[in-house]
Amino acid sequence: MNNFSYIQADKAKDATAAKRDDKSAAFIAGGTTLLDLMKLSVENHDQLIDVNMLPFRGIESTKDGLRIGALERMSDVAAHPLVARQFPMVAESLLLAASAQLRNMASIGGNVLQRTRCGYFRDTAFPCNKRNPGSGCPALTGDNRNLAILGTSDACIATSYPGDLSVALIALDAVLTLENAKGKQRQVPLTKFYLLPGSTPQRETVLEPDELIVAVTIPQTEMARRSKYLKVRDRASYAYALVSAAVGLEVQGGTIKAARVALGGVGAQPWRCFEAEKALVGQPATEATFRAAAEVALRGAKPREHNAFKVEMAQNTLVRALSEVAAA
Amino acid sequence: MEIKEKENAPTNIVGKPLNRVDGPAKVTGAARYSAEVPLAGTVYGVLKTSAIAKGRIKSIDTSRAEKEPGVLHIFTYQNLPKPAKTPQQVEKWRAAQSYLPMQDDRVQYAGEPVVLVVADTLERATQAAELVQVSYQAELPIDSYLDPKAELFDPQTIQSGKQPGHTERGNPQAAYAGAPVKLDATYVHAINHHNPMEPAATLAVWEGNDRLTVYETTQNITGSQTALLDVLGLPRDQVRVVTHYLGGGFGCKGSVWPHTLITALAARAVGRPLKVVLTRKQMFTGVGHREDQEQNLKLGATTDGKLLALVHTKKATTSPWDNYTESNSKVINMLYACPSFGATYELARANVMTSVWMRAPGEAPGSFALESSMDDLAHQLNIDPLEIRLRNYADHDYSNDKPWSSKSLKQCYARGAELFGWDKRNPTPGQTRRGRLLVGHGMGTATYPVHSAQGTARVRLFADGHAVVQSGATDLGTGTYTVMTQVSADALGLPPDKIRFELGDTRLPTAPGSGGSQAAGTVASAIMEAAQDVWAKVVKMAVADKKSPLYKAKPADVKVELGRMFLAKKPAKGETLVAALARSGQTDIEGSASGKYGAGYEKQYFEAADSDDKKGGNPNQEKPGEKQGQGHSMHSFGAHFCEVEVDPELGTIRVTRWVGVHGVGTVLNLKTATSQLMGGAIFGIGSALMEETFRDPTYARYTNSDLASYHVPVNADIPDMTIEFVPETDPYINALGVKGIGEIGIVGVAAAVANAVFNATGRRMRSLPMTPDKMLEALRLPA
């Protein structure tokens with residue numbers, strides 16, 4: 001870890017301007033990812049800009065859906081009655097993540113920007129194309145058990161976002177509100193926020209250096225209300241997903257009218273399964289339908305030595321989640 | 001000597017679930033762990049460790065780091081003061097690893113210390129360490145015994161010479177070849193790391209150039225002292241090691257590691273107290289591990305399930321210098337009534353640090369192989385798993401042909417089966433469902449040896465009715481302070497709050513380390529013996545004191561119980577030790593003695609019995625026909641019963657019920673003992689289901705060295721557990737009949753879980769940990 005200076009921003013503009021003016025600075029909210037990476041010298045910032053005083057708070061219903069301020073804490077969002085009632089998969093994805101202590105600290109904006117748990121990324125003694133572009137990727141032939149099978153490239157097979165919340169958010173077409181140093185805001189759907197690794201795995205999102213996440217808005221739909229987040233992991237709590245599924249269904253008279261499906265733990269980014277959704281819509285809500293959709297969802301998977309199990313596990317997880325939502 | 005200690009053993013407080021006497025100090029922060037000892041002028045050392053696993057250091061550029069504020073010293077192999085002797089030059093080096101880094105430009109394992117930066121604050125030392133640039137000439141390392149470059153060799157001896165590498169009893173190959181029932185299975189065990197809560201730390205302070213005090217995180221202060229004085233070339237009285245509190249160790253703090261030696265060497269040059277605390281990441285390459293290994297077990301039996309032969313071979317990774325490997329075969333040799341047994345070891349040198357004992361080293365993985373194969377045998381012959389163990393019940397120790405000093409395993413089996421409801425188990429695998437989940441029941445046998453040890457204690461009884469009792473033991477956090485307070489209280493007839501038990505300092509009487517489950521029995525015995533020294537002195541005072549009711553009594557006629565002296569034939573006539581002492585005008589009286597544990601105690605007992613009139617518990621009289629002096633085999637035994645739920649689509653395995661019943665001699669404190677056995681089982685469930693460190697095959701470097709990705713069980717993984725003890729009296733093992741309980745709790749646990757998984761799914765899991773990916777793969781294959 002290197003020495004760094006610390007400032008507290010009272011206004012969004014101060015924060016974004018400071019970031020614009022200092023390429024090596026970073027925003028800090030809960031700090032639960034950032035401080036770890038700084039201690040590991042994976043991220044080396046000379047300045048931290050504390051954004052916790054900014055007014056990016058509140059959980060409220062709007063005409064566009066549920067709006068959650070970026071500085072709301074995971075635990076507060078999970079416990080909010082609107083979230084629990086109208087967006088069960090969001091509440092579940094939060095409660096199944098991390099530990100109680102981390103959820104009390106970690107912000108929603110920071111959660112969306114979590115970085116990979118790939119062991120090669122997190123240890124500066126290893127080559128890593130994400131951390132040190134062009135240095136190579138030992139994960140291709142090494143410890144890839146927890147890494148991605150969809151959307152990967154020869155440069156990087158990391159599950160770039162290893163967490164849970166964004167999997168639910170991406171399934172529900174959530175939209176991020178971003179604000180830059182000019183005070184200008186823009187809306188970016190989560191489906192367009194993350195970048196696939198390609199040959200530039202160091203670029204993970206479309207966020208500009210001077211942009212802050214202000215809020216996330218989740219459209220209110222039947223599928224959000226009738227939804228589930230199912231997480232499979234090595235131990236019962238405090239573990240990243242081997243595989244997770246966020247699913248929502250709208251079923252009428254036994255027929256699926258609309259569906260939302262996303263997978264965690266398998267994609268180079270939170271993995272929205274549009275094709276699987278298409279395979280579900282108009283079909284009877286039966287296990288056979290779910291199984292067929294699950295096969296579509298994993299089509300094109302590129303498993304490696306230690307993560308080949310994820311194909312079957314992800315399919316089974318998806319079938320289980322869909323079955324449980326359909327039966328609920 | 002009669003076993004009067006046993007007869008007189010007071011039962012007022014020993015055995016009771018007394019709360020931890022050090023609890024308030026720990027929860028209020030008053031307890032100082034080794035890295036928390038406040039010493040004026042302390043400076044901070046930060047280790048920079050090697051980025052490669054094999055090769056040479058080309059250059060070290062310290063120029064930027066040196067300019068940082070507060071930086072006092074930067075040590076490298078070029079300027080670290082040389083030891084008087086390197087560990088490899090020491091004649092009897094007892095620590096696990098004999099290689100001391102920072103002696104030359106070679107690098108032999110990833111994470112080996114290469115630079116020590118010393119600054120006035122931890123932050124400045126950390127920053128400066130970051131700025132030191134080390135460039136390497138890397139060579140291709142060997143990552144494990146599975147590496148194609150690795151060469152397996154026969155080590156002849158293992159555990160750095162302490163154990164034989166070959167064992168043969170009967171004619172195991174022929175017996176196996178001729179056996180009507182044969183099983184041949186291979187078991188794999190992942191690398192495990194101990195991961196105690198408290199990281200390793202060394203705070204070294206020199207007085208002049210030749211007196212050193214080290215506040216150390218060690219389970220064995222004397223072992224650390226010995227290693228330090230050997231390396232520093234100092235006499236024993238000039239090296240003091242202090243460990244007042246430990247936040248766990250599980251074996252990784254039972255040895256001496258490079259950071260301690262390097263800190264001591266550097267501190268002399270620094271001239272101020274120097275503190276080095278390993279980071280969590282450094283804990284994965286700084287204090288050993290349980291090695292990656294595979295075992296093959298060939299089991300031959302009769303068609304009614306009686307064992308004829310066990311042939312065990314083990315392959316494992318070891319370091320470039322030391323032939324350390326766990327001795328898995330010992331437990332396989334002794335647990336059952338098997339007429340023939342053979343064991344061999346094959347090791348391969350790789351670029352890893354020396355592995356080290358980790359909670360039940362050998363017994364834990366060895367029992368996984370044996371108890372899994374016994375379950376296979378039971379299934380194959382359609383015999384209940386408990387029944388097959390009873391059919392092979394060893395009425396004596398077949399590995400050495402000795403009688404047991406005590407064995408309550410049948411009672412453990414019976415009580416465990418009753419508590420668990422074993423009779424309701426469905427013997428056909430894959431038949432029991434709970435919703436979507438498959439449910440299975442399994443069991444495993446636990447055992448752990450009573451090793452031979454001795455230690456010394458000092459008891460100082462004060463006339464105002466309190467006592468200070470001292471022994472250079474350590475408390476891993478498991479309760480040494482508490483149980484020794486109880487033993488002392490009963491020995492002196494004082495309430496526990498009138499006892500101050502002190503430990504963890506080489507200035508105190510020497511005691512064994514907290515390892516091999518030997519500390520409690522040894523130190524408790526030493527305290528009993530030392531208390532008797534006090535008794536004898538006070539009795540002598542009383543019989544000469546006109547005011548004493550015992551005036552003019554013969555000391556031999558006086559008994560002492562719970563701190564009260566009285567005439568054996570007229571118990572009403574007597575007084576307390578404290579009353580007699582108070583009247584004497586002396587402020588205090590001191591006694592000291594050594595106590596023995598295990599075979600040494602028994603030997604002493606035999607010799608005393610020979611010279612005595614052979615009354616009392618002479619084993620020859622109790623067991624006629626036994627050879628004089630042959631001695632007993634000494635073990636604790638227990639049984640685990642386990643229920644699991646397996647999700648057949650997702651591959652997850654959860655333990656849902658647990659019963660453990662153990663026979664461990666005298667239980668000193670029901671609460672701490674229950675916690676020990678419960679903790680052992682949880683430790684075993686961790687190794688069974690999730691604990692694994694992954695070493696990259698190309699770089700021979702760990703990829704998951706943190707507690708987020710090296711999984712140990714969390715509360716949600718563990719059900720309510722039932723832990724019980726069966727009453728057991730053992731006169732042969734030590735003055736109080738105490739068997740160690742630190743390790744038996746893990747033995748047989750992984751097999752119990754695997755056996756339950758087999759019962760649930762019909763799939764035999766032979767590779768630990770049994771993670772969901774392996775379970776899914778097994779389920780894909782036909783049963």
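Labels below follow one simple rule: chain letters A, B, ... track the order of the sequence lines, proteins then strands, and each chain is numbered from 1.
For chain B, the option among A/A236, A/S237, A/A308 with the highest count of heavy-atom pairs below 4.5 Å is A/A236. Among B/L689, B/L131, B/D647, B/T49, the residue with the largest count of heavy-atom pairs under 4.5 Å with chain A is B/D647. The residue among A/F126, A/F309, A/Y240 with the most heavy atom pairs within less than 4.5 Å of chain B is A/F126. Ranked by heavy-atom pairs shorter than 4.5 Å toward chain A, the options B/R695, B/E68, B/M690, B/R436 are led by B/R436. The most heavy-atom pairs under 4.5 Å with chain B, out of A/P127, A/A98, A/C118, come from A/P127. Counting heavy-atom pairs closer than 4.5 Å to chain A, the top residue among B/I718, B/T279, B/V714 is B/V714.
Taking CG of B/L650 as the reference point, atom CG of A/L230 lies at 6.0 Å (rounded to 0.5 Å). To the nearest 0.5 Å, the span separating CZ on B/F694 from CG on A/N144 amounts to 7.5 Å. Here CG of B/D706 is found 5.0 Å from CZ of A/R117. Values are rounded to the nearest 0.5 Å. Considering CG of A/N3 and CD of B/E130, their distance stands at 10.0 Å, rounded to 0.5 Å.
You'll find the side chain of A/L40 reaches within 4.5 Å of the side chain of B/K281, heavy atoms only.
More than 12 heavy atoms of other residues, nucleotides or ligands sit less than 6.0 Å from atom CG of A/N2. A/E287 CD: 12 or fewer foreign heavy atoms inside a 6.0 Å radius. The local environment of NZ in A/K23 is sparse, with at most 12 non-hydrogen atoms from other residues, nucleotides or ligands closer than 6.0 Å.
Of the atoms belonging to B/P697, it is side-chain heavy atoms, and not backbone ones, that fall under 4.5 Å from chain A. Proximity to chain A is absent for every atom of B/R124, based on heavy atoms less than 4.5 angstrom apart. There is no contact between B/N715 and chain A, counting heavy-atom distances below 4.5 Å. With a 4.5 Å cut-off on non-hydrogen atoms, B/T126 touches chain A through its backbone and its side chain both.
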Take B/T771 and A/R145 through the test side chain to side chain contact (heavy atoms under 4.5 Å, CB included) and record every step on the way to the result.
CA-CA 11 Å; B/T771 43; A/R145 181 170 177 267; 3.3 Å; yes
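Closest approach of A/N316 to B/E649, counting heavy atoms only: ND2-O, 2.8 Å. For B/Y699 against A/P138, the heavy-atom pair with the smallest separation is CE1-CB, 3.8 Å.
The residues A/D143 and B/R701 are annotated as not salt-bridged, no charged nitrogen and carboxylate oxygen being separated by less than 4.0 angstrom.
A donor and an acceptor atom, one from each side chain of A/D123 and B/Y702, are nowhere located under 3.5 Å apart.
Side-chain N or O atoms of B/D717 include none that pairs as donor or acceptor with a backbone N or O of A/R235 at under 3.5 Å.
Here the two rings, on B/H711 and A/Y238, have centers that are 6.0 Å apart or farther.
Along residues 773-783 of chain B, the residues that come nearer than 4.5 angstrom to chain A, judged on non-hydrogen atoms, are B/D773, B/L776, B/R780 in order of number. Listed by sequence position, A/R320, A/S323, A/E324 are the residues of residues 319-328 of chain A in contact with chain B, using a 4.5 angstrom heavy-atom cutoff.
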